[in-house]
Amino acid sequence: MKWYLLILSLAGLLVFSDCSSQKENPVPKESYKVESIPTPEGLTVETGGLDFLPDGRLVACFLRGEVMIYDPKTKKWSLFAEGLHEPLGVLAISNSEILVMQRPELTRIKDTNGDGEADLYETVTDDFGITGNYHEFAYGPVKDKEGNLFIALNSSSAGGGVRPEVRGRLDTLGRGADKAMFSVVPYRGWIMKLTPDGKLLPYASGFRSPNGIGFDLKGDLFATDNQGDWEGTSKLYHIQEGNFYGHPASLIWKKGWNKGNPFDLPLQELDSMRTKAAVLFPQDIIANSPSQPLCDVTEGKFGPFAGQLFVGEMNSARIVRVMLEKVDGELQGACIPFIDGKGLRKGNNRLAFAPDGSLWTGQVAYGWGGDHGIQRIVFTGKQPADIYSMNLTTKGFDLTFTQSVNDATALNPDNYKFRNYYYEYHKKYGSARMDEKPIPVTDIKISGDHKKVSLTLATLQRGYVYQLNLGDIRTESGDSLDNKIICYTVKNLVDAGAGK
Amino acid sequence: MAQVKAHTSNDTTILINAVGGLQYDLVRFKVKPGAKVKIIFTNKDDMSHNLVITGPGARLKVVNAAIALGNDGAKMNYIPKLPEVLWSVPILAPGETKTITFTAPKKEGVYPYVCTYPGHGFVMFGAMYVTDQGMPAMKDDPNIPPDRKKDMNESSAHKDHSTQRAHSYREVPPYLYRIFVPDASPAAIAVNLPHRVSYCWDAGECRLRYAWQGDFMDNTDIWKGHHDSYGNIMGTIFYRDKTAFPLQPDQPGNIPTVDFKGYQLIKRYPEFRYTIDGIEVYELIKPKENGTGLIRSFRIPKTSRTIWFVSDAKDGVSYQSSAGKWINNKLKLLPDEARQFTITMTKK
């Protein structure tokens with residue numbers, strides 16, 4: 001089976017890079033294949049972090065505290081470090097040094113004597129509070145171009161408590177009523193910036209469960225958040241310094257905060273303070289528990305989506321793809337399933353690109369509805385039949401496909417079913433889809449290269465998700481689309497006067 | 001280390017590995033009479049092994065009959081044709097796995113399992129308990145190899161079918177977990193030492209909090225995730241720090257501010273590094289040879305200040321030090337003395 005896949009992927013790469021050899025190589029049926037990575041017996045594969053060392057080996061951390069290294073060439077695992085406290089992120093520094101985000105601290109872990117096992121564990125920062133509440137997960141780190149590291153600190157759950165001894169200054173002002181997630185030690189519910197000289201600075205607030213942060217190619221920072229109280233549905237936020245993203249608890253740690261319990265502020269005031277999401281992941285449609293956003297840095301090795309974001313999904317066998325554009329000065333865009341099923345497991349918690357351009361996913365359950373294991377997704381070389389990008393226009397949307405589409409199917413209005421809706425911002429856990437209604441398509445045009453379809457909609461409303469269910473649109477070679485549902489978040493409207 | 005998984009109360013899957021040193025990693029397990037049993041046997045050793053389940057008390061008879069097979073032994077997988085041989089896995093080469101399933105006898109009893117490869121069966125065996133009752137304490141169990149009676153799994157082995165293999169490797173003390181434990185800050189470190197001594201060192205407060213004798217920890221509950229929980233201390237606590245902070249610069253009562261810097265593993269023992277009022281401190285803790293206490297090795301290489309080590313008369317231990325001068329329960333260490341000293345704490 002593995003040989004078969006290897007041959008397929010080699011054949012695919014040849015097709016991709018050299019069209020003249022196409023005849024000698026069979027074209028694979030699928031664009032992407034999912035392969036499971038064997039893991040050592042006895043390892044509970046609750047994957048907290050994945051990265052690749054400069055030498056091409058995978059480094060992975062697991063929630064029982066292990067850091068293990070896997071050599072894809074020899075398919076052998078070895079133990080690098082152990083005893084960590086629920087590590088949920090790893091960043092490779094060199095072949096013998098990694099950074100690991102574990103619950104109480106960010107730790108630099110080194111093998112100083114070259115025996116393959118770590119012997120030095122240095123605290124990089126522990127300058128934040130923990131109460132012992134089970135939900136105080138810590139995520140990251142990711143590094144920007146200037147060498148700053150970013151970590152994200154989960155709020156605490158009302159499903160758990162606060163232990164008699166905590167680390168950090170306890171202030172119960174940041175507790176809401178009932179089931180609200182809370183922040184009673186600094187800086188729960190924040191994304192933090194660690195400067196190269198070791199100062200941990202509060203960077204952005206208002207997060208409930210930001211299980212995943214990542215940069216795109218331009219250096220924009222993103223974080224996901226999970227549906228819950230104050231989160232009508234799950235989201236992808238574009239993170240900017242000083243901004244507040246909506247969950248009130250964390251506000252009490254804002255410098256100079258003098259407005260009392262943030263949960264008591266009028267809804268309108270909170271709403272006006274918050275920065276809205278770049279992309280909403282509609283619950284039960286796209287993702288119920290998104291995890292890490294990872295930018296496709298493979299420059300085409302992984303297919304046509306270079307520069308776009310992939311986001312893991314915990315509750316279903318899915319990885320989501322996100323495409324962004326700047327509209328009226330802010331990033332917004334669409335989300336679409338990328339891999340659905342095809343042997344993928346649930347619980348996709350961490351993603352990493354291998355040097356060969358394959359996308360590795362580490363799975364976790366940890367009492368939630370995920371799975372255990374590590375898999376990788378390999379591009380076979382067959383061009384996907386998919387939406388490459390969805391862009392808002394003054395009148396509707398442009399859909400750009402990864403390949404030319406058949407005119408008859410692409411110009412058939414029955415193949416585009418739009419509906420729009422919004423999500424309520426409120427203390428309640430989640431939100432229904434509000435004001436949901438079909439939006440008629442009034443005009444369709446196709447570009448000369450048959451790759452771009454311009455759709456005119458009867459109405460466009462700011463603050464709404466536009467969900468598009470595609471019918472049986474075919475490529476010119478007759479393939480149907482790999483994914484037929486895409487959701488665009490209209491955070492801003494295109495200013496017709498600004499020109500394009 | 002082995003996994004025993006219960007599907008229903010009458011349906012049990014047992015993982016047994018042959019491991020180095022002529023032994024099975026699992027030396028005993030329990031099934032209910034009439035239970036459906038699946039044994040997944042893997043040879044992780046570098047020699048060949050089989051697994052033969054015999055009638056109660058028949059282990060040595062079967063082992064000797066296997067030796068008597070002589071030249072025929074190999075082709076018979078060293079499994080003699082005897083009514084006492086109930087079920088068996090044939091000889092497995094290193095790395096091979098084989099599964100057998102059977103219905104456990106209705107009759108309660110201790111059914112040995114053994115490797116009948118010539119020479120192995122005298123030391124390489126274990127016991128399948130077919131019973132609705134419990135098993136005897138491991139240290140008193142005559143049905144397992146004598147050198148396995150101190151197995152670290154004892155506490156969990158009592159828990160019927162709930163034994164879970166913790167990791168892909170066997171943990172050999174010293175080793176540590178950063179994990180939630182009671183009576184410490186949430187940034188605690190639990191360390192298991194040789195000689196069945198363990199301690200909790202609190203990275204949130206940079207100090208030894210308590211120490212215990214016996215088994216180490218049971219993390220089963222905490223590893224389920226998704227709820228508040230602690231790792232359970234599986235021994236008897238004999239020491240608790242009752243001071244505000246044990247290392248006090250200049251004079252007793254001066255409680256320093258602390259900062260945790262990490263640890264280095266020295267022959268797998270963690271040497272903690274932290275600062276007290278900015279002064280760098282290294283602390284490495286080893287067990288006393290007989291397991292009756294701890295030896296704490298401190299290094300404060302750059303101190304120019306007098307350091308007091310403060311204890312409490314009711315903390316459960318008696319103290320000896322390699323340097324300094326005791327004044328009541330307080331040890332005064334001049335800067336030169338504080339650069340390197342040990343404090344031995346013996347259970348009272």
Handout entry: Residue pair A/D126, B/D259: steps toward the side-chain contact (heavy atoms from CB on, under 4.5 Å) verdict
Key = CA-CA 9 Å; A/D126 60 358; B/D259 195 10; 4.2 Å; yes
Exercise for the section: Sort A/R108 into side chain, backbone, both or neither according to what part of it lies under 4.5 angstrom from a heavy atom of chain B. Expected result: neither
Problem - B/Y169 side chain near A/L43 side chain, heavy-atom distance below 4.5 Å - result: no
Completion exercise
Interface check, chain A: of B/A188, B/S168, B/S229, most non-hydrogen pairs under 4.5 Å belong to B/S168
Fill in the blank from the handout: Under 4.5 Å to a heavy atom of chain B? For A/L79 that would be side chain
Exercise for the section: With a 4.5 Å cut-off on heavy-atom pairs, point out which of B/P270, B/A203, B/G225 contacts chain A the most. Expected result: B/G225
Practice task
Take B/Y177 and A/H85 through the ring-ring contact (aromatic ring centres under 6.0 Å, His included) test and state the conclusion after the steps.
Solution key: CA-CA 7 Å; B/Y177 282 107; A/H85 198 161; 9.9 Å; no
Handout entry: Closest approach of A/L120 to B/Q264 (non-hydrogen atoms, all atoms of both residues)
Key = CD1-CB, 3.8 Å
Completion exercise
Max heavy-atom pairs within cutoff under 4.5 Å with chain A, candidates B/G204, B/G262, B/P186, goes to B/P186
Exercise for the section: Report the option among A/H135, A/M68, A/E82, A/E46 that has the most heavy-atom pairs separated by less than 4.5 Å from atoms of chain B. Expected result: A/E82
Exercise for the section: Among the options B/R273, B/K224, B/E271, pick out the one with the most heavy-atom pairs lying under 4.5 Å from chain A. Expected result: B/K224
Practice task
In plain terms, say whether B/R209 and A/E165 are close enough for a salt bridge, that is, a side-chain N and a carboxylate O under 4.0 Å apart.
Solution key: yes
Practice task
Indicate yes or no: at least one non-hydrogen side-chain atom of B/Y263 is less than 4.5 angstrom from one of A/E122.
Solution key: no
Practice task
Looking only at non-hydrogen atoms, find the nearest pair between A/P164 and B/Y230 and report the distance.
Solution key: CD-OH, 4.3 Å
Fill in the blank from the handout: Per-residue tally against chain B (heavy atom, under 4.5 Å) across A/P40, A/G132, A/G42 peaks at A/G42
Completion exercise
Between A/Y366 and B/W223 the two heavy atoms that sit nearest each other are CE1-O, 3.8 Å
Problem - B/R165 bridged to A/E41 by N-O distance under 4.0 Å - result: yes
Practice task
Determine whether the side chains of A/E66 and B/H167 contain a donor N or O and an acceptor N or O closer than 3.5 Å.
Solution key: yes
Exercise for the section: Please look at B/D183 and chain A and tell me whether the side chain, the backbone, both or neither of the residue comes under 4.5 angstrom of a heavy atom of that chain. Expected result: backbone
Practice task
Sort A/S157 into side chain, backbone, both or neither according to what part of it lies under 4.5 angstrom from a heavy atom of chain B.
Solution key: neither
Exercise for the section: Measure distances from A/E105 to the heavy atoms of chain B and classify the residue's part below 4.5 Å as side chain, backbone, both or neither. Expected result: side chain
Fill in the blank from the handout: Value for CG (A/N113) from CG (B/L265), rounded to nearest 0.5 Å, stands at 10.0 Å
Problem - OH-NE2 distance between A/Y134 and B/H226, expressed to the nearest 0.5 angstrom - result: 4.5 Å
Completion exercise
Applying a strict 4.5 Å limit to non-hydrogen atoms, the region of A/A118 in contact with chain B is backbone
Problem - OG1 on A/T123 to NZ on B/K261, rounded to 0.5 Å - result: 8.0 Å
Problem - A/G161 backbone acceptor or donor facing B/D228 side chain under 3.5 Å - result: yes
Practice task
Examine whether an atom of B/I189 lies under 4.5 Å from a heavy atom of chain A, and if so say whether it belongs to the side chain, the backbone or both; otherwise answer neither.
Solution key: neither
Handout entry: Test item: B/R268 side-chain N/O and A/D119 main-chain N/O as donor-acceptor pair under 3.5 Å
Key = no
Exercise for the section: Return yes if some donor-acceptor pair links the side-chain N/O of A/R64 with the main-chain N/O of B/A166 below 3.5 Å, else return no. Expected result: yes
